[in-house]
Q: 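Mind looking over this structure? Questions follow.
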Amino acid sequence: MQRIKNKLSTRLMNVCVASLCKAKQLEKAEGVIVDGIGIGLQPDVVTYNTLIAAYCRFVGIDVGYSIIHRMKNAGINPDIITYNSLIAGAARYCLLSKCPDLFDEMFEMSILLDIWSYNTLMNCFFKLGKPDEGYRVFQDILLRDVSVHSATFNILINGRGKDARRFLNELVESGHIPNAITCTTVMKCCFRYRQFEEGFKIFAEMRSKGYTYDAFAYCTVASLLLKTGRITEANEYLGYIITSGFSLNIVSFNTIFNLYCKEGQLDNAYQLLYEAEKGGLESDKYTHAILIDGLCRIGNLQEAQQQLNRMSETGFDSNLVAWNSFINGLCKAGHLDYATQIFESMDVKDSVTYSTIVRGLYKARRFRAASKLLLSCIRGGMKILKSDKRIVIDGLRSCGLTHEARKVQSKIRLAKLLHY
DNA sequence: CTAGGGTTAG
């Protein structure tokens, strides 16, 4: 009788630990376990797995891994879920090199990789832009005759991108019934590849099937509408998201926030931010980037700069999109030198950073500087837009620097030969 | 107790 009681209480403790972990309250979760042990409860594999998953998600894989020692000392062996959480952590923090050691350990304990492990790995490879490795994982799934899960298909759809719609048809033809996640995935892929009609068709189908029971599809569609200048329709869907009673998280909130910022309604944006924070939502890197871009758009560069500072203080110091937005704002306002100064102080830049400055320099008719930058971008192995190449060459020509223009052109060609 | 969908910049 006492043992049954304790088991029940362990389950209760686990529910408590899980909800604290979900809220990132890891110290409190640990406290609950300590208290539980204090009153004679025995943490089980679920208790430890919950904790390991949370550490791997919020802190890092090493801390997660250290719990394994604790559970072994308590006489509990890690299982496939333990290792899947560690694999997910390795994938999340780009530490796939740690996986072979994990696999070895699993092998020693006779724990086999399951579909969750494979899905995690496959998804990670696609996200890292290594589709071949992703497909190799899928081959492994088929070879080892592991039963697939609907998530497997969704990961594959994301990996295929451009052919997502066709892939969905094939799935349906082979008897698979796509769920809401599959549909949203395909719709997003359609939009990404400018297959707008196909995308909206999927959205209509989702609504008729009752697949729009949460804000996911609406956010996708509203953002697309905003991006393509269909503001009224975007507003309609966002209005619906607000009034429908969906529980709004930071992502749906960011979508609405973005509409206000793009529309220059910064007062509304700040009001929304205030209410979201009052409701316990934490701003993320998207919130910051959207706000900084919005401030730049209305020309309030000072406030944008301050917001960047606040952002860095709250731990989002490497938010490249926000910095790119700010550089763009500076260029638009004609502060080329300050923009260049910031550009040079940045440790991490991407092709958007370069492109923004190149375009800024072009508009300021500083063609030599623009071409110099374009070439250093190419040397860094980054993709450049055809239009950027065009404007630099045209710019040089337009002020009689035909020799330079030709030189830049041949250097670009040479770089292409070397890189591809 | 683990994996898959929505939000940002040129």
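We name chains A, B, ... by the order of the sequence lines, and we start the count at 1 in each one.
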Q: Would you classify A/Ile81 as touching base, sugar-phosphate or nothing, given that sugar-phosphate means primed atoms plus P, OP1 and OP2, and contacts are heavy atoms under 4.0 Å?
A: base
Q: Between A/Asn154 and B/dG5, is there a contact of a side-chain N or O with OP1 or OP2 at under 4.0 Å?
A: no
Q: Do any of residues 160-187 of chain A sit with a heavy atom less than 4.0 Å from DNA chain B, and if so which?
A: A/Asn179, A/Ala180, A/Ile181, A/Thr184, A/Thr185
Q: Can you check whether A/Lys127 has a side-chain N or O nearer than 4.0 Å to OP1 or OP2 of B/dG5?
A: yes
Q: Hey, can you pull the residues of residues 289-302 of chain A with a non-hydrogen atom under 4.0 angstrom from DNA chain B?
A: A/Ala289, A/Ile290, A/Asp293, A/Arg297
Q: B/dA3 phosphate, OP1 or OP2: any side-chain N/O from A/Arg57 under 4.0 angstrom?
A: yes
Q: So, A/Gln307 and A/Arg310: side-chain donor and acceptor under 3.5 Å apart, yes or no?
A: yes
Q: Between A/Arg70 and A/Glu30, is the salt bridge (charged side-chain N to carboxylate O under 4.0 Å, His left out) condition met? List the steps.
A: CA-CA 12 Å; A/Arg70 268 168 61 189; A/Glu30 294 267 18; 2.8 Å; yes
Q: Between A/Asn324 and B/dT8, is there a contact of a side-chain N or O with OP1 or OP2 at under 4.0 Å?
A: no
Q: Which is true for A/Ser150 with a 4.0 Å heavy-atom rule: it touches a base, it touches only sugar-phosphate, or it touches nothing?
A: base
Q: So what does A/Lys262 hit on the nucleic acid, given a heavy-atom distance under 4.0 Å: a base, only sugar-phosphate, or nothing?
A: sugar-phosphate
Q: What does A/Ser351 touch in the nucleic acid at a heavy-atom separation under 4.0 angstrom: a base, only the sugar-phosphate, or nothing?
A: base
Q: Do A/Asn328 and A/Thr356 have side-chain atoms, one donor and one acceptor, less than 3.5 Å apart?
A: no
Q: For A/His288, report the nucleic acid contact type (base, sugar-phosphate, nothing); a contact means any heavy atom under 4.0 Å.
A: nothing
Q: For a quick check of understanding: with a heavy-atom distance under 4.0 Å over all strands, which category does A/Ser355 fall into, base, sugar-phosphate or nothing?
A: base
Q: Strictly by modelled atom types, are A/Asn249 and A/Ser252 linked by a side-chain donor-acceptor pair under 3.5 Å?
A: yes
Q: So A/Ala215, base contact, sugar-phosphate only, or nothing? Heavy-atom distance under 4.0 Å.
A: base
Q: Under 4.0 Å, heavy atoms only, any strand: does A/Lys227 hit a base, just the sugar-phosphate, or nothing?
A: sugar-phosphate
Q: Can you find a side chain N or O atom of A/Arg92 that sits less than 4.0 Å from OP1 or OP2 on B/dA3?
A: yes
Q: Which part of the nucleic acid, if any, lies within contact of A/Asp114, taking any heavy atom under 4.0 Å across all strands shown: a base, the sugar-phosphate backbone alone, or nothing?
A: nothing
Q: With a 4.0 Å cut-off on heavy atoms, is A/Asp79 in touch with a base, just the backbone sugar-phosphate, or nothing at all?
A: nothing
Q: Do you know which of A/Phe216, A/Tyr211, A/Tyr218 makes ring pair (Phe, Tyr, Trp, His ring centres under 6.0 Å) with A/Phe203?
A: A/Tyr218
Q: Using a 4.0 Å heavy-atom cut-off, does A/Lys332 contact any base of the nucleic acid, only the sugar-phosphate backbone, or nothing at all?
A: nothing
Q: With hydrogens left out and only the distance checked, is there a donor-acceptor pair under 3.5 Å joining A/Asp214's side chain and the base of B/dG5?
A: yes
Q: What pairs with A/Tyr93 under side chain to side chain donor-acceptor pair (under 3.5 Å), at least two apart in sequence or on another chain?
A: none
